There are 2 protein chains.
Amino acid sequence: MHDFPWHTKRVAVVGLGLMGGSLAMALKPHVDTLYAVDIDPRTRALARERGIAHVVSGNPEEVLPHADIIILATPVQSIVEMVHALPHWVRHPVQVLDVGSTKQAVCQALAQLPPRFDPIGGHPIAGKEVSGLTHADPGLFRGAPFVFTPLPRTTARARRMAESLAHLLGARPVWLEDPAAHDRYLAYTSHVAYLLSLAMTLATPDEASPFIGPGFRSVARLAGSSPRMMRDILATNQAAVLEALDHVLAEMEHLRALLAEATPDAWEAVFREGQARWRALGQE
Amino acid sequence: MHDFPWHTKRVAVVGLGLMGGSLAMALKPHVDTLYAVDIDPRTRALARERGIAHVVSGNPEEVLPHADIIILATPVQSIVEMVHALPHWVRHPVQVLDVGSTKQAVCQALAQLPPRFDPIGGHPIAGKEVSGLTHADPGLFRGAPFVFTPLPRTTARARRMAESLAHLLGARPVWLEDPAAHDRYLAYTSHVAYLLSLAMTLATPDEASPFIGPGFRSVARLAGSSPRMMRDILATNQAAVLEALDHVLAEMEHLRALLAEATPDAWEAVFREGQARWRALGQE
């Protein structure tokens, strides 16, 4: 914060879902003016009621011309569309950060912006199984990795803004030049996790529900995620998700064969290996 | 508690892992004497240091003859072995409850006990991804379902004891006469969830670890479970686990085909269905 003059900045957050709403709430006390844009009239009404922003609007053309920094926080495919529309809406120099869950498609779009834009990709790896402004929380990003994928054209100033934003949110900045690598990693650490959760939830019969405990709850949680958000994420990361999914499916087929054929001693050895990998991934 | 005279009872808990340790801690203030048995000298030392029980012993033959109620809280296959040994250790009338994670194998063993034993099967659906007495917590069972699987021979007195124990722990008693049904449901709500978690953890490359957020953490959590405990659970529920696993694998293959072939609109419809099932299972 001390390294970036947030208090002089007019910041526009576009998309007041869980992410955008949480960002707006966290940023508002630190900036000169916070503009918030959402297409949904009920979301705007709630945003006004809760004082999420200084100005709440349904029209990007109305508020984006006043912003020094634009943060795009809608589902990924809308972000891409908005990046294409930005040059028509905004005629002045401006910094642009997106917080979409996949980075390759967005960074390709950001790269095509005219020179007056100073763009950088971002992805705070935080969230909840529930979505929408109702569940927004300025503390959502605390302790979370905030990945930044700068473009070759991204300025030192935009990098400082990004780094400072992560600190302001209590997040941990993680820099990665390659948006495709981001999407490959996230296929494992997020997108396939969602698909596993979904498959288990779809397969579980109603009669089992009195026997649900913390284990099921923990794995099933992601099945509650916004279908629209997940659709955009998977649509912009299809190849990497299929590859990661095939890898996990191969592991599952291996476990299935083991359970059907090997002895419990052999199972236990694989369970130990899994426990060791869980620890190696920093999960204990 | 008011309906069962815990304060007059001498209770022995066998196995001071996460479950047994948590039970001992929760019960000790309410009973006349709490005996705790564990084969591991370090666990016994920790139990003494923490005052988990009035008497801590490594030898079931030494303490079980003094108990009015015996609670078996070791991994499932050890519970079965212990049930077989009980008639040699205990010559007086006694109530026996086990808290093993599968119920069919244990209830078969309990059914064979001589008439001086009054046995009932139980399974508190609570836990953590970490195991051992170090992580024991008397609040572990609060709000959790505590499933009881009485045998045809189980007395009204043992049922009262069980019901009252659940209330004492802050758990919600769930009665189920059929231990095979318990194991079939738990295959979905617990055992397959573990296997999914394990497969994902095993498939995830080290380089992905800086990109881990709450979603992965939540699904991967179960991979930390005790390998020995999981081995016993799966060994005593192999057929039901394979059936549930095949059901989930079929859902995953279906999702895989959908992602590879259908359009994002078709994906979104399935994601909505999964979200609706997640809600129907009481998860929102």
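Every chain is numbered from 1 and lettered A, B, ... according to where its sequence line falls, protein lines coming before strand lines. Model, not experiment: these values are computed from the prediction.
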Chemist: With a 4.5 angstrom heavy-atom cut-off, which part of A:Leu222 approaches chain B: side chain, backbone, both or neither?
Modeler: side chain
Chemist: What option among A:Asp265, A:Val192, A:Val241, A:Thr263 has the most heavy-atom pairs under 4.5 Å with chain B?
Modeler: A:Asp265
Chemist: Classify the angle between the aromatic ring planes of A:Phe211 and B:His182 as parallel (below 30°), tilted (30 to 60°) or perpendicular (above 60°).
Modeler: perpendicular
Chemist: Only pairs of heavy atoms separated by less than 4.5 Å count here; which of A:Ala239, A:Ala203, A:Gly213 has the most with chain B?
Modeler: A:Ala203
Chemist: Which bit of B:Leu186 is near chain A, if near means a heavy-atom gap under 4.5 Å: side chain, backbone, both or neither?
Modeler: side chain
Chemist: Below 4.5 Å, heavy-atom pairs only: which of B:Glu251, B:Arg172, B:His123 has the largest tally toward chain A?
Modeler: B:Glu251
Chemist: Just do the side-chain contact (heavy atoms from CB on, under 4.5 Å) check on B:His247 and A:Thr204 with the steps written out, would you?
Modeler: CA-CA 9 Å; B:His247 194 169; A:Thr204 300; over 6 Å; no
Chemist: Write out all pairs satisfying side chain to side chain donor-acceptor pair (under 3.5 Å) with one or both partners inside residues 128-138 of chain A, taking only residues at least two apart or from two chains.
Modeler: A:Glu129-A:Arg221
Chemist: For chain A, which candidate among B:Leu196, B:Leu202, B:Val248, B:Ile125 shows the most heavy-atom pairs at distances under 4.5 Å?
Modeler: B:Leu202
Chemist: Do you know which of A:Met230, A:Gln238, A:Glu284, A:His254 has the most heavy-atom pairs under 4.5 Å to chain B?
Modeler: A:Gln238
Chemist: Spell out, as yes or no, whether a donor-acceptor pair under 3.5 Å connects the side chain of B:Arg272 to the backbone of A:Ser226.
Modeler: no
Chemist: Check whether any side-chain N or O of A:Arg231 sits under 3.5 Å from a backbone N or O of B:Glu268 as a donor-acceptor pair, and report yes or no.
Modeler: no
Chemist: Tell me, side chain or backbone of A:Glu207 under 4.5 Å from chain B's heavy atoms, or both, or neither?
Modeler: both
Chemist: Pick one of side chain, backbone, both or neither for B:Pro214, based on which atoms fall under 4.5 Å of a heavy atom in chain A.
Modeler: both
Chemist: Could you tell me which of A:Gly224, A:Ala235, A:Ala280, A:Gly274 has the largest number of non-hydrogen atom pairs under 4.5 Å with chain B?
Modeler: A:Gly224
Chemist: What part of A:Ala223 gets within 4.5 angstrom of chain B, counting heavy atoms only: side chain, backbone, both, or neither?
Modeler: both
Chemist: Starting at OG1 of A:Thr201, measure out to CD of B:Glu273 and round the result to the nearest 0.5 Å.
Modeler: 11.5 Å
Chemist: Between A:Ala187, A:Pro205, A:Gly143, which has the largest tally of heavy atom pairs under 4.5 Å with chain B?
Modeler: A:Pro205
Chemist: Using a 3.5 Å distance criterion without hydrogens, assess whether the side chain of A:Trp278 forms a donor-acceptor pair with backbone atoms of B:Ala220.
Modeler: yes
Chemist: Would you say that more than 12 heavy atoms from the other residues, nucleotides or ligands in this model lie under 6.0 Å from the CZ of B:Arg142, or not?
Modeler: no
Chemist: Looking only at heavy atoms and a cut-off of under 4.5 Å, which of B:Ser218, B:Ala260, B:Ala250 has the most pairs with chain A?
Modeler: B:Ser218
Chemist: Taking side chain as everything from C-beta outward and backbone as N, CA, C, O, which of these in A:Pro124 sits under 4.5 Å from a heavy atom of chain B? Side chain, backbone, both or neither.
Modeler: neither
Chemist: Mind checking whether A:Leu245 and B:Met252 have side chains closer than 4.5 Å, heavy atoms only?
Modeler: yes
Chemist: Please test B:Phe271 against A:Tyr194 for ring-ring contact (aromatic ring centres under 6.0 Å, His included), starting from the C-alpha separation and ending with a verdict.
Modeler: CA-CA 10 Å; B:Phe271 299 169; A:Tyr194 168 70; 5.3 Å; yes
Chemist: How far does CZ of B:Arg217 sit from CG of A:Leu281, to the nearest 0.5 angstrom?
Modeler: 10.5 Å
Chemist: Out of curiosity, A:Ser190 OG to B:Ile212 CD1, how far, rounded to the nearest 0.5 Å?
Modeler: 11.0 Å
Chemist: So which of A:Trp267, A:Tyr185, A:Phe216 has the biggest tally of heavy-atom pairs under 4.5 Å with chain B?
Modeler: A:Tyr185
Chemist: Heavy-atom pairs under 4.5 Å with chain A: which of B:Ala144, B:Pro264, B:Ala181, B:Pro210 has the most?
Modeler: B:Pro264
Chemist: Please rank B:Val130, B:Val270, B:Leu242 by heavy-atom pairs under 4.5 Å with chain A and give me the top one.
Modeler: B:Leu242
Chemist: Can you tell me which portion of A:Gln77 sits under 4.5 Å from chain B's heavy atoms? Options are side chain, backbone, both or neither.
Modeler: neither
Chemist: Under a 4.5 Å heavy-atom cut-off, does chain A meet the side chain of B:Leu234, its backbone, both or neither?
Modeler: both
Chemist: Heavy-atom pairs under 4.5 Å with chain A are the metric here; pick the option from B:Ala126, B:Pro227, B:Gly282, B:Ala244 that has the most.
Modeler: B:Pro227
Chemist: So which part of B:Asp232 gets closer than 4.5 Å to some heavy atom of chain A, the side chain, the backbone, both or neither?
Modeler: neither
Chemist: Does a side-chain heavy-atom distance below 4.5 Å link A:Arg277 with B:Asp206?
Modeler: yes
